[in-house]
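Inspection log for the structure reproduced underneath, given as structure tokens.
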Amino acid sequence: MSSEKIIMEKNLNLNLKVWRQKNASDKGKFEEYKVNDISTDMSFLEMFDVLNERLNNEGKDPVAFDHDCREGICGSCSMYINGRPHGPKQTTTCQLHMRSFNDGDTIVVEPWRAQPFPVIKDLVVDRSAFDRIISSGGFISVNTGNAQDANAIPIPKDAADESFAAAACIGCGACVAACKNASAMLFVSAKVSQLALLPQGMPERKKRVMEMVAQMDAEGFGACTNTGACSAECPKEISLSNIARMNREYIVAELSSDSK
Amino acid sequence: MTSSKIDSKIPEGNLEQKWTKYRSTVPLVNPANKRTLEIIIVGSGLAGASAAASLSELGYKVKVFCFQDSARRAHSIAAQGGINAAKNYQNDGDSTYRLFYDTIKGGDYRSREGNVYRLAEVSTSIIDQCVAIGVPFAREYGGLLSNRSFGGTQVQRTFYAAGQTGQQLLLGAYSGLQRQVGSGNVKMYARHEMLDVVTIEGVCRGIIARDLVTGKLERHFGHAVLLCSGGYGNAFFLSTNAMGSNVTAAWKAHKKGALFANPCFTQIHPTCIPVSGDHQSKLTLMSESLRNDGRIWVPKKQEDAKSLRENRIKPNDIKEEDRDYYLERRYPAFGNLVPRDVASRAAKERCDAGFGVNKTGEAVFLDFAFNTLRYGHIEATKKGIHNPNETQVIEMGRAVVKEKYGNLFDMYQQITGVNPYDQPMMIYPAVHYTMGGLWVDYNLMTNVPGLYALGEANFSDHGSNRLGASALMQGLADGYFVIPYTIGSYLSNEIRTKAIPTDHVAFAEAEQNVQSSIDKLFAIKGTKSVDYFHKKLGLIMWNKCGMARNEEGLKSAISEIQELRKQFWNEVRVPGSKDEFNPELEKAGRVADFLELGELMCKDALSRNESCGGHFREEYQTDEGEAMRDDENFKYVAAWEYMQGVNWELHKEDLIYDNIKIAARSYK
Amino acid sequence: MNWVIKMFSSTIGQKLIMALTGLFLCSFLVIHMVGNLQLFKVDNGLAFNTYSVFMTSNPVIKTISYILYFSILFHAFKGLMLIRKNQKSRPVKYAVQNGAANSHWTSRNMGILGTILLVFIVIHMSNFWYEYKFGHIPFTSYLTNMATGETKSSPMSAEYVQSNKLEEGITSNEQGQFRVVIVKDLYKEVEEEFKEWWIVALYVISMFAVGFHLYHGFKSAFQTLGVNHVKYNGLIKFLGTWVFSVLIPAGFAAMPLYFFIFK
């Protein structure tokens, strides 16, 4: 307890190298900042709050970054920290706490890098490609009011649980950021899997996977080389088996669908 | 006694028949006309996304605005526990009436019978709809849906998806919305913030929005505008709301004439991770479901509490007989499962009396040790181990606890750095939800024609205290099953209104106003950050308009807020420029609105001389410290009208209970 | 667009090509390995040389071998195309990237490993395949005493047997019956090649590349084909690791080493 406590209470002095870019057309560069006396209880974003408060007081432009719920579920936050999306822990940046760092550390913070995720400002990127992929087929077409009783179709618990595990994706884009190919396969496959595992998803099963993959490709995401980096960095631990399932779904759909 | 400005438009007739009859007689718009009618929806949470999907399915032209980078990030996503519905799948006596009754009672008799009954009635369709669009609710081995129980009820009617029900429901509604976006029926404006409502001759005709990426102001016409912009808990700075959650859309509407109802009704959730320091930016909820297995306690002796605060002893050093399980002591019938308002106040009472257990003195224990042992013994029996040693019992018990709450325990450890399997959790109440909001009638329309409010943004269903798992129900009820019908009663009269060109003088004026208030913010060039003011406001609100309020405190809060507002407009510094992505500017605008709303919240709390639900006035309590309602004088909705110069006029809507006998709430 | 073209030009389809050609090449490796084990037979190359003739003259095997050459080229070409495409998906690189934290280095370096293999295959084929088909490989005649089973070999000039790679027949003399096999002596060629230490080293190093390439490639191919199942993942991982990235490369590496050390 005592040694743990001492470590916990020691505040940190850190060197930050942060990507600064005024807007999409600006070239951008790293800026270095020193932040001192950072409590280990702070979250990584709160450490940025401290930095921004100081920049603000010095009359400088604060660092722009996406964040909202700060409890690891909205998927807004998106920093690439010391070479890893969301930093050293398998969680979101907002749930990364400063106790994961040591006094005197240099921390390099970059935005997600991918051709379909252009930088808007500093660490903020445009992830609307994900929305367009969902729009292309990530849904079940049931108009409001058409539904039958919720218990009319029993769903095996295993299938429901697996579907839920895939549906837990928060759409943060860490998979794309982590992948050396900037591939979005984990994101897309999570949605394909969620719906392919449910009887409700059957009618649009083939159409869905074909259209979502087509949209994914049109956005310019890379191809999957099965490195597993996406799943290893996913804050919601979405499994690689979803990618295998999507491959299966896609191959079967292309080989057997009625469209020529 | 109801003010003449207010007409709730509750249909006549039997409670059970009101909605059915209304639905069957409300005027309709034919499909061809729907295609020419434009609807603007502000906010893409459960209410906004479900309304957008449903209305565009009907054929309306819909535009959706959200300030986040995607509709999927709205804060509905963070709801953990579940969604109520009167399905009675568990055969335990649930019914529409029972859900209706529980909700009215839970709300401490400050909500409308008609609205709440309708909510209970449509609740079952929500579950049907969600399952049909692929929401993976928890299921039993037989393949049917699973239920659990929540505070304030005696039946199991809560549907859930692990601890991420809000996420799953929102992603369901979002997928419906994106389907319509993909087919071109909905135009999505992400990273856009609504900054004003445009009214022409008192009728709502559109909005002014700022493109948050380019900073450009935009004019958008709509035959109707739906505000689905959530609650205003962030007036307290620290809350379980998202950082971006704000009152701006609702507040701009309020300033354009929409009444704001019951602003002082805020819900303080009892089980949140306590504040750890000044750096803290938000508070994290630990699901209400934890109270099923956790026992809440503080030390009986003040010196023990002091030692804990100074870190000289550990919680487990305190003997069983020296622990005060104060909820079990005060409320033997409900114990640790009393409603949220009651549990929160009890925690505050103990901490105020000097029994708080963390370094700030504002925390109590939520202890799983007792149930860990209990589960351990059950497991041992199951496995046929007759004389298990303590280590075995603890090990097996922890495995059970981990299975039930693993995610939450991990989250707790991540945030606090303390392992909750070894030591009890420390928790403290935090601002969570706001029952108050824009005043709406039965159609969910505000008193400004054509302007609607749905979900947490309106005031209608939860009275002065919301029951767990009811927020999701209300958001989706409003969006999926109420607004698609009720909007017809207004739009059927609008079919001859052609789209008004946005160069109309009213649009130009509104845009000009927005522009000048942005310019004004930049012109101040002060020395203090926006957060500085937000934090100050939060402290005033928390200390004086929080879990307990009194006349003196509220009065001083009002003058402090007025002073702070003045200071804000003289000393705030907004960096950068207006023509770029500028989060500080966004915050400044929102805090400016909170600085006005905060005052109204205090005014409302001051004018309500009673204690009910989340509103606890220290002057009005029983000898045992319980809330004392005054039905004689305060059985009304307080609807405030904004007047020039940050001033308000109160309008009252009498609450009429034809079907429920009002009684004192007791959980003893 | 024709659905076949559409399918195989999608990212998944392109990966599918990589997986199918890759697995086909894996299957070839097994055959190649088993066949080449005859190099270890102490018969002065008779079995190996007759096997070589069979492999280069049987019409079915010939057809398959053309598919094989095509697969190698297509696998390499498609792989390089995909690398280019994937690089375009991240035009601005990270300043700091810690790939080791989330993936195995073999999986991140399939392109480099594959390129090494391509170079190796070119050298390997020019050493043996080209020499065998178009070069000047000597012939050897094997004379086997049918009664004793004893075989004697003697070199023959290439001119003696111009047109064929193999001639065999039965002759007799007073001692008994003999089986005569006259065949292009690839075995000899192998012996000659692996006298050079640097060729041996190149082969051994390349076999490491094969091992690392297949360590990721074999199981990755199954993932691409959609085969990812708790029941079979263990087997796939086992085969990928122990058979394809250890046993087979080790077996191939043993051949040059054997000749270098023992011959």
Side-chain angles (χ1 to χ4, degrees), chain A residues 5 8 23 39 41-42 45-46 49-50 53 56-57 61-62 64 66-76 91 95 97 99 120-121 124 126-128 130-131 134-136 138-144 146-151 154-157 160 163-164 167-168 171 194-195 198 200-201, chain B residues 53-54 57 68-73 75 77-78 87 89 127-129 131-134 136 139-145 161-162 164 167-168 171 175-176 178-179 181-182 188 190 213 242-244 276-277 279-282 284 311 411 414-415 417 480 484 529 531 573 575-576 580-581 583-584:
Chain A
K5 199 65 209 168
M8 277 176 59
N23 51 48
S39 156
D41 283 340
M42 278 186 199
L45 296 184
E46 284 166 351
D49 290 343
V50 170
E53 180 81 15
N56 204 347
N57 289 339
D61 214 11
D66 264 328
H67 65 109
D68 200 24
C69 79
R70 293 206 179 184
E71 50 188 276
I73 195 76
C74 76
S76 293
T91 182
Q95 294 294 293
H97 282 71
R99 66 183 76 88
I120 290 175
K121 185 179 181 181
V124 176
D126 178 357
R127 285 168 287 189
S128 53
F130 274 8
D131 291 326
I134 298 295
S135 281
S136 71
F139 47 75
I140 293 173
S141 302
V142 173
N143 284 358
T144 307
N146 280 334
Q148 59 182 340
D149 186 83
N151 259 349
I155 302 174
K157 186 174 174 1
S163 174
F164 169 76
Q194 178 204 339
L195 302 179
L198 299 172
Q200 288 83 1
Chain B
S54 307
E57 283 158 14
Q68 297 92 342
D69 72 325
S70 161
R72 67 181 291 150
R73 313 223 191 273
H75 198 53
I77 201 126
K87 278 285 196 187
Y89 281 159
I127 305 302
D128 299 343
Q129 178 68 21
V131 168
I133 58 169
R139 286 176 184 268
E140 305 291 352
Y141 281 100
L144 300 184
L145 292 162
Q164 288 150 256
Q167 182 201 22
Q168 294 309 316
L171 293 182
S175 71
Q178 290 303 127
R179 173 164 77 104
V181 172
M188 187 70 215
V213 175
M243 301 302 287
S276 66
H279 56 77
Q280 197 129 2
S281 58
K282 84 150 264 157
T284 304
N311 218 347
M411 192 151 109
Q414 232 153 33
I415 293 173
Y480 277 139
S529 71
D531 278 353
R573 176 178 185 277
E580 61 170 346
F581 184 76
E584 287 296 314

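The figures here come from the full heavy-atom set of this structure, side chains too, leaving out hydrogens, waters and symmetry mates. In what follows, every chain begins at residue 1, and chains take the letters A, B, ... in the order their sequences are listed.
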What pair of heavy atoms forms the shortest contact from [X] to [Y], and how long is it?
X: I120(A); Y: V213(B); value: CG2-CG1, 3.9 Å
X: D128(B); Y: A150(A); value: OD1-N, 2.8 Å
X: F581(B); Y: K121(A); value: O-NZ, 3.0 Å
X: P136(B); Y: A160(A); value: CB-O, 4.0 Å
X: E57(B); Y: T144(A); value: OE1-N, 2.7 Å

**Prompt:** Please walk me through it: do D66(A) and Q68(B) pass side chain to side chain contact (heavy atoms under 4.5 Å, CB included)?
**Reply:** CA-CA 9 Å; D66(A) 264 328; Q68(B) 297 92 342; over 6 Å; no
**Prompt:** Passes side chain to side chain contact (heavy atoms under 4.5 Å, CB included), N56(A) versus E584(B)? Steps please.
**Reply:** CA-CA 9 Å; N56(A) 204 347; E584(B) 287 296 314; 3.5 Å; yes
**Item:** Contact leader toward chain A among R73(B), Q178(B), Q167(B), where contacts are heavy-atom pairs under 4.5 Å
**Value:** R73(B)
**Complete:** With chain A, the option among M243(B), Q164(B), R179(B), Q168(B) that has the most non-hydrogen atom pairs under 4.5 Å is R179(B)
**Message:** I'd like to know which of P62(A), G201(A), P156(A) tops the heavy-atom pair count under 4.5 Å against chain B.
**Reply:** P62(A)
**Fill in**
Given S163(A), G75(A), A64(A), the one with more heavy-atom pairs under 4.5 angstrom with chain B than any other is G75(A)
Side chain, backbone, both or neither: which part of [X] has an atom under 4.5 Å from a heavy atom of chain B?
X: D149(A); result: both
X: S141(A); result: both
X: Q95(A); result: both
X: Q194(A); result: side chain
X: I155(A); result: both

Pick one of side chain, backbone, both or neither for [X], based on which atoms fall under 4.5 Å of a heavy atom in chain A.
X: Q414(B); result: both
X: H75(B); result: side chain
X: A190(B); result: neither

**Prompt:** To the nearest 0.5 Å, what is the distance between CE (M42(A)) and CD (Q280(B))?
**Reply:** 10.0 Å
**Asked** What is the distance from atom NZ of K87(B) to atom CG of N151(A), rounded to the nearest 0.5 Å?
**Response** 7.5 Å
**Cation-pi check, K157(A) onto Y141(B) ring (under 6.0 Å, within 45° of axis)** = yes
